[in-house]
Student: 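My questions will all concern the structure given below.
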Amino acid sequence: MRRLALAALSLAFLATACQPAITELTEEQKAEIAAEVSAINAVYWDAWRAADFDRGMSYFHNSPETVWGYAGNLDMGWDAIYAAYSPLFGAIASQAVTITESRTTVVARDVVCINEVGSTVPTDTAGVAGPEMNFALLTVWVRRGGEWKVLFGHESTPVPESM
């Protein structure tokens, strides 16, 4: 009898262990993840509004895998992104950033894409504002080690009609 019970228990364990993992998220789980990442994204934008480049970059994975696309270039790795963009922020005191359209898509438990359309007006350290620049932005937030950070991004700006 003991062997029969042990065999039945073993079969029940194997049947449970061999089931495929449930990977599909419920709408409630997606909404919870989207809200969490959207809240982090809002604080991310606060850093860029303050033209705090180091704080803004702290929202990116400090990794050679991190990629940023802009103006026909791909900057590969956190160090390359930092080197390419930090000089641009030396003379900027703040930015008025307006997001006019935003969509957050939960791709997987640890991957979220945020697509945004907006505009920014930088103010330099002398207090001169402008010009306004429109943009479309895609950021891919990935959770690693319990932290959500940008791993991939692409920003585009409209080409002036005179070109």
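Given the structure is predicted, the values throughout are model-derived calculations rather than measurements. Worth knowing before you read on, the calculation uses all heavy atoms, side chains too, and leaves out hydrogens, waters and symmetry mates. Quick note: residue numbers are just sequence positions, from 1.
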Student: Check the pair F135, V97 against side chain to side chain contact (heavy atoms under 4.5 Å, CB included), reporting the backbone distance first and the verdict last.
Tutor: CA-CA 10 Å; F135 63 85; V97 177; 4.3 Å; yes
Student: Roughly how far, to the nearest 0.5 Å, is CG of N134 from OG1 of T120?
Tutor: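 Reported to 0.5 Å precision, the distance equals 10.0 Å.
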Student: Give the cluster check for V121 versus V117: same hydrophobic cluster or not, with ILVMFWY residues linked at side-chain heavy-atom distances below 4.5 Å.
Tutor: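 Shared cluster, no.
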Student: Would you call T139 and C113 a side-chain contact if the rule is heavy atoms closer than 4.5 Å?
Tutor: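 No, their side chains stay 4.5 Å or more apart.
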Student: Whether the side chain of W78 engages the backbone of M57 through a donor-acceptor N/O pair (distance < 3.5 Å, no angle test) should be reported.
Tutor: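 Judged by distance alone, yes, a pair lies under 3.5 Å.
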Student: Please tell me whether V140 and V67 are part of a single hydrophobic cluster in this structure, the criterion being side-chain heavy atoms less than 4.5 Å apart.
Tutor: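 Result: yes, single cluster for both.
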Student: Assess the residue pair F152 and W68 against the criterion (side chain to side chain contact (heavy atoms under 4.5 Å, CB included)); give the C-alpha distance rounded to whole Å, side-chain angles, the decisive distance to 0.1 Å, and a yes or no.
Tutor: CA-CA 6 Å; F152 306 108; W68 189 261; over 6 Å; no
Student: Rounded to the nearest 0.5 Å, how far apart are OG of S38 and CD1 of I40?
Tutor: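 The OG atom of S38 sits 9.0 Å away from the CD1 atom of I40.
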Student: Keeping R49 on the side-chain end and Q95 on the backbone end, is there a donor-acceptor pair under 3.5 Å?
Tutor: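 Here the side-chain-to-backbone pair does not exist.
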Student: Which distance, rounded to the nearest 0.5 Å, do you find between the OG1 of T66 and the NZ of K149?
Tutor: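 Spacing of OG1 (T66) from NZ (K149) equals 10.0 Å.
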Student: CD of E155: more than 12 outside heavy atoms within 6.0 angstrom?
Tutor: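 Atom CD in E155 is crowded, with more than 12 foreign heavy atoms closer than 6.0 Å.
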Student: Flag yes if L74 and L151 sit in one hydrophobic cluster, no otherwise; membership is Ile, Leu, Val, Met, Phe, Trp, Tyr, and two members link when side-chain heavy atoms are under 4.5 Å apart.
Tutor: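 In one cluster with L74: L151, yes.
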Student: Quick one: do W141 and V111 end up in the same hydrophobic cluster if we chain Ile, Leu, Val, Met, Phe, Trp and Tyr together by side-chain heavy atoms under 4.5 Å apart?
Tutor: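 Per the 4.5 Å side-chain linkage, W141 and V111 are not co-clustered.
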Student: With a 3.5 Å distance limit and no angle check, can you tell me whether R143 reaches the backbone of R109 through a side-chain donor-acceptor pair?
Tutor: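 Side chain of R143 to backbone of R109: a pair is present.
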Student: Go through the steps for E24 and K30 under the test side chain to side chain contact (heavy atoms under 4.5 Å, CB included), then give the verdict.
Tutor: CA-CA 10 Å; E24 189 67 32; K30 288 179 184 179; 3.9 Å; yes
Student: Could you go step by step and tell me if V112 and T104 meet the side chain to side chain contact (heavy atoms under 4.5 Å, CB included) rule?
Tutor: CA-CA 7 Å; V112 174; T104 301; 3.6 Å; yes
Student: Is the shortest heavy-atom distance from the side chain of E116 to the side chain of N41 under 4.5 Å?
Tutor: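 Answer yes - side chains close enough.
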Student: Any salt bridge linking R144 with E65? Criterion: basic side-chain nitrogen under 4.0 Å from a carboxylate oxygen.
Tutor: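 A salt bridge is present here (some side-chain N lies under 4.0 Å from a carboxylate O).
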Student: Would you say V107 ends up clustered with I114 if hydrophobic residues are merged whenever their side chains have heavy atoms under 4.5 Å apart, either directly or through other cluster members?
Tutor: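 No: no chain of side-chain contacts under 4.5 Å links I114 to V107.
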Student: Given side chains that start at C-beta, do those of P131 and M133 come closer than 4.5 Å, heavy atoms only?
Tutor: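 Sidechains of M133 and P131: no contact.
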Student: Spell out, as yes or no, whether a donor-acceptor pair under 3.5 Å connects the side chain of H61 to the backbone of W148.
Tutor: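 Side chain of H61 to backbone of W148, a donor-acceptor pair under 3.5 Å: no, none is there.
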Student: Check the orientation of F60 and Y44. Use parallel for under 30°, tilted for 30 to 60°, and perpendicular for over 60°.
Tutor: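 It falls in the tilted class, 30° to 60°.
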Student: Please step through side-chain hydrogen bond (donor to acceptor under 3.5 Å, both in side chains) for the pair D75 and Y70, ending with a clear verdict.
Tutor: CA-CA 8 Å; D75 292 301; Y70 180 72; over 6 Å; no
Student: Decide if the gap between the ring center of F53 and the ring center of Y82 is smaller than 6.0 angstrom.
Tutor: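 So the answer is yes for these two rings.
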Student: For the pair W48 and F89, name the ring-plane relationship: parallel under 30°, tilted 30 to 60°, perpendicular over 60°.
Tutor: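 W48 vs F89 ring planes: tilted.
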Student: Taking the side chain from T125 and the backbone from I92, do they hold a donor-acceptor pair closer than 3.5 Å?
Tutor: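 The answer is no, because no donor-acceptor pair under 3.5 Å joins these two groups.
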Student: Does the S58 side chain pair with the main chain of R55, one donor and one acceptor, at a distance under 3.5 Å?
Tutor: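 Yes.
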Student: Is atom CZ of R103 surrounded by more than 12 heavy atoms (other residues, nucleotides or ligands) closer than 6.0 Å?
Tutor: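 Atom CZ in R103 is not packed in, count stays at 12 or less.
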Student: Would you indicate whether the side-chain heavy atoms of V128 and T123 approach each other to under 4.5 Å?
Tutor: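 A side-chain contact is absent here, since even the closest heavy-atom pair is not under 4.5 Å.
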